[in-house]
Amino acid sequence: MRYISTRGQAPALNFEDVLLAGLASDGGLYVPENLPRFTQEEIASWAGLPYHELAFRVMRPFVTGSIPDADFKKILEETYGVFSHNAVAPLRQLNGNEWVLELFHGPTLAFKDFALQLLGRLLDYVLEKRGERVVIVGATSGDTGSAAIEGCKHCENVDIFILHPHNRVSEVQRRQMTTIFGENIHNIAIEGNFDDCQEMVKASFADQSFLKGTRLVAVNSINWARIMAQIVYYFHAALQLGGPARSVSFSVPTGNFGDIFAGYLARNMGLPINQLIVATNRNDILHRFMSGNQYVKETLHATLSPSMDIMVSSNFERLLFDLHGRNGAAIAGLMDTFKQGGGFSVEQERWTEARKLFDSLAVDDTQTCETIAEVFEQTGELLDPHTAIGVKAARECRRSLDIPMVILGTAHPVKFPEAVEKAGVGKALELPAHLSDLFERDERCTVLPNDLKAVQAFVSQHGNRGKPL
Ligand SMILES: *Cc1c(COP(=O)(O)O)cnc(C)c1O
């Protein structure tokens, strides 16, 4: 399988290189040159497979040529073996034909574990083979950091540096990062906000001289391997609800458009999906595009669903690429306009094409809390605020009651106690067994000033299992 850039200028890469790449050299994102397509019979034959075996069948075409089948199978069995629920991604019924796909039974209680547990293992496999080491520098406002650290903690060939804004992540989220020890794990609290952290990561990718030749790898959802891993659970859910004979709809709590883009790919690979709902919080750039064909940046609002607090959705470029007939020059042009502060619209027929599949809704904090309370009352199920946004959007935007609606349950409610308290459901939140002593554990973290040079100096001092690069 070869991968090409959405801006058309960077060289095509194989899976191994795309795994180790960040942005393409032309500023674009990598996508498969040709998407695999499965027949209905083939998909139907996967019903009842354990999650890791389904994962093997769905993802195999993407890694062909880079990872032999036997090795890939072993990696997947290990990856999904760490999830605490036997079904890995169980479906729970909320209402008639309305389901939550619980994606929070991984080590850090959010869906990001599905991709990052795999990413860490794939990196180590590929690096071992090549005899290389890499450094990861990532920024987090919460969920990505802990999932990336959990995913990479056993990697022999990876040092991981995660930047979070000092005193601006929740205590559960901070402790999920700072209580994991290892000589290759480095938590840095920056005296600044999340944007400052993200800017430092971007600047580090732009000029990597401080790494003295060591390669820098991305763990945010611009990394293709993360998207790839998320395709699997769309197949998993549909197969349990009568697919592919029957089509299924999904409502996806959305920030950077990574998770829902995986659903779009699942559909293009042959899975009958009727409707994909983009559920956003008040940071609604995607809702404004889907409802009014305007892609325009606005100011950032802090919400009760912080993992979706974004101004720009990085993976949206991957959808735009397809909507424009995979014309890289057209995407480069749009992104240039956008970068210069202008928003854009796409031609009417391209927008109409997108709207055949996608609907959207923006849900504010009040509605989020109302939905948590409503669902708790109706079913006794306690939703996290991100999932609640998905439920609200599913109920507002649903096209057909005959088609099963699956809401992606992206996080466990214990990660976001503030929203649950505000919803007033009065149910005590308990950490799952493997995290029950989280508040007693020792923490390890370095506080650094909001200064790129200081951060880069720290990375080069500690980037080789705690020793200088
Ligand atoms: C990251 C995250 C999202 C948003 O996913 P995207 O792929 O960025 O759209 C939603 N909910 C939770 C809990 C998350 O951690």
Side-chain angles (χ1 to χ4, degrees), residues 1 3 14-22 30 32 36 49-85 87-89 101-129 134 136 138 140 143-158 160 162 180 184 217-237 256 258-259 261-263 265-266 269 315 408 410:
M1 172 73 73
Y3 294 85
N14 65 20
F15 177 75
E16 205 174 299
D17 289 320
V18 109
L19 178 73
L20 299 175
Y30 278 105
L49 286 179
Y51 193 90
H52 63 95
E53 288 192 25
L54 175 65
F56 173 72
R57 283 161 179 84
V58 173
M59 289 192 272
R60 183 178 184 228
F62 293 114
V63 307
T64 304
S66 292
I67 307 182
D69 284 355
D71 293 349
F72 193 43
K73 275 188 181 163
K74 197 164 146 250
I75 290 171
L76 291 170
E77 194 171 349
E78 261 180 47
T79 298
Y80 297 107
V82 304
F83 282 63
S84 65
H85 196 293
V88 182
L101 181 65
E102 295 186 350
L103 300 175
F104 47 76
H105 296 287
T108 73
L109 313 179
F111 84 88
K112 290 184 171 72
D113 289 326
F114 278 82
L116 286 162
Q117 283 294 316
L118 178 60
L119 183 69
R121 288 174 172 82
L122 287 174
L123 281 175
D124 224 28
Y125 175 85
V126 163
L127 293 169
E128 195 64 45
K129 199 170 72 176
V134 299
I136 288 171
T140 189
D143 294 339
T144 305
S146 57
I149 291 172
E150 275 288 349
C152 295
K153 69 181 180 187
H154 297 303
C155 294
E156 296 285 336
N157 305 300
V158 177
I160 178 164
I162 295 292
I180 304 172
N184 63 331
V217 167
V219 284
N220 57 5
S221 56
I222 64 169
N223 191 310
W224 162 257
R226 281 191 57 183
I227 306 284
M228 172 183 86
Q230 292 166 193
I231 299 171
V232 177
Y233 46 70
Y234 288 89
F235 281 88
H236 175 76
N256 267 324
D259 211 4
F261 185 70
L265 294 176
M269 290 163 72
N315 284 291
L408 299 200
T410 52

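Because the structure is a prediction, the values reported are computed rather than measured.
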Rounded to the nearest 0.5 Å, how far does [atom2] of [Y] lie from [atom1] of [X]?
X: His236; Y: Leu54; atom1: NE2; atom2: CG; result: 7.5 Å
X: Leu408; Y: Tyr234; atom1: CG; atom2: OH; result: 4.5 Å
X: Leu116; Y: Glu150; atom1: CG; atom2: CD; result: 10.5 Å
X: Phe62; Y: Tyr3; atom1: CZ; atom2: OH; result: 6.0 Å
X: Leu76; Y: Ile67; atom1: CG; atom2: CD1; result: 8.5 Å
X: Ile149; Y: Thr108; atom1: CD1; atom2: OG1; result: 10.0 Å

His52: partners by side-chain hydrogen bond (donor to acceptor under 3.5 Å, both in side chains), with sequence neighbours left out: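 With sequence neighbours excluded, His52 shows a side-chain hydrogen bond (donor to acceptor under 3.5 Å, both in side chains) to no residue whatsoever.
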
Over 12 non-hydrogen atoms of neighbours within 6.0 angstrom of NZ in Lys153: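 More than 12 heavy atoms, drawn from other residues, nucleotides or ligands, come within 6.0 Å of this atom.
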
Other residues, nucleotides, ligands: >12 heavy atoms within 6.0 Å of Arg57 CZ: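 More than 12 heavy atoms, drawn from other residues, nucleotides or ligands, come within 6.0 Å of this atom.
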
Just wondering, do [Y] and [X] contact through their side chains at under 4.5 Å, heavy atoms?
X: Val58; Y: Met269; answer: yes
X: Ile231; Y: Met59; answer: no
X: Phe56; Y: Asp69; answer: yes
X: Phe72; Y: Tyr125; answer: no

Work out which heavy atom in [X] is nearest to a heavy atom in [Y]; give both atom names and the distance.
X: Gly258; Y: Asn315; answer: CA-ND2, 3.5 Å
X: Met228; Y: Leu118; answer: CE-CD2, 4.3 Å
X: Pro36; Y: Met1; answer: CD-CE, 3.8 Å
X: Gly106; Y: Asp113; answer: C-OD2, 3.2 Å
X: Gln117; Y: Pro107; answer: NE2-CG, 3.4 Å
X: Leu20; Y: Val217; answer: O-CG2, 3.8 Å

By salt bridge (charged side-chain N to carboxylate O under 4.0 Å, His left out) - contacts of Asp71 (at least two apart):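 Per chain and number, Asp71 pairs via salt bridge (charged side-chain N to carboxylate O under 4.0 Å, His left out) with no residue.
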
Polar side-chain atom of Thr144 near backbone of Thr140 as donor-acceptor pair, under 3.5 Å: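 Absent.
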
Expected output: side-chain Asn184 to main-chain Cys155 donor-acceptor under 3.5 Å: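 Yes.
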
Ring centres under 6.0 angstrom apart (Tyr51, Phe114):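 Yes, close enough.
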
Aromatic plane relationship, His85 with His105 - under 30° parallel, 30 to 60° tilted, over 60° perpendicular: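 Tilted, since the angle between the ring planes falls between 30° and 60°.
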
Audit row: Leu122, Val63, side-chain contact (heavy atoms from CB on, under 4.5 Å) steps and yes/no: CA-CA 10 Å; Leu122 287 174; Val63 307; 5.7 Å; no

Leu19 vs Leu123, side-chain contact (heavy atoms from CB on, under 4.5 Å): CA-CA, chis, key distance, verdict: CA-CA 7 Å; Leu19 178 73; Leu123 281 175; 4.0 Å; yes

Polar contact flag, side-chain donor to acceptor under 3.5 angstrom, Tyr233-Asp259: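 A pair is found: one side chain offers a donor N or O, the other an acceptor, under 3.5 Å apart.
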
Any donor-acceptor N or O pair under 3.5 Å, side chains Asn256, Ser221: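 Checked: Asn256/Ser221 side chains show no N/O donor-acceptor pair below 3.5 Å.
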
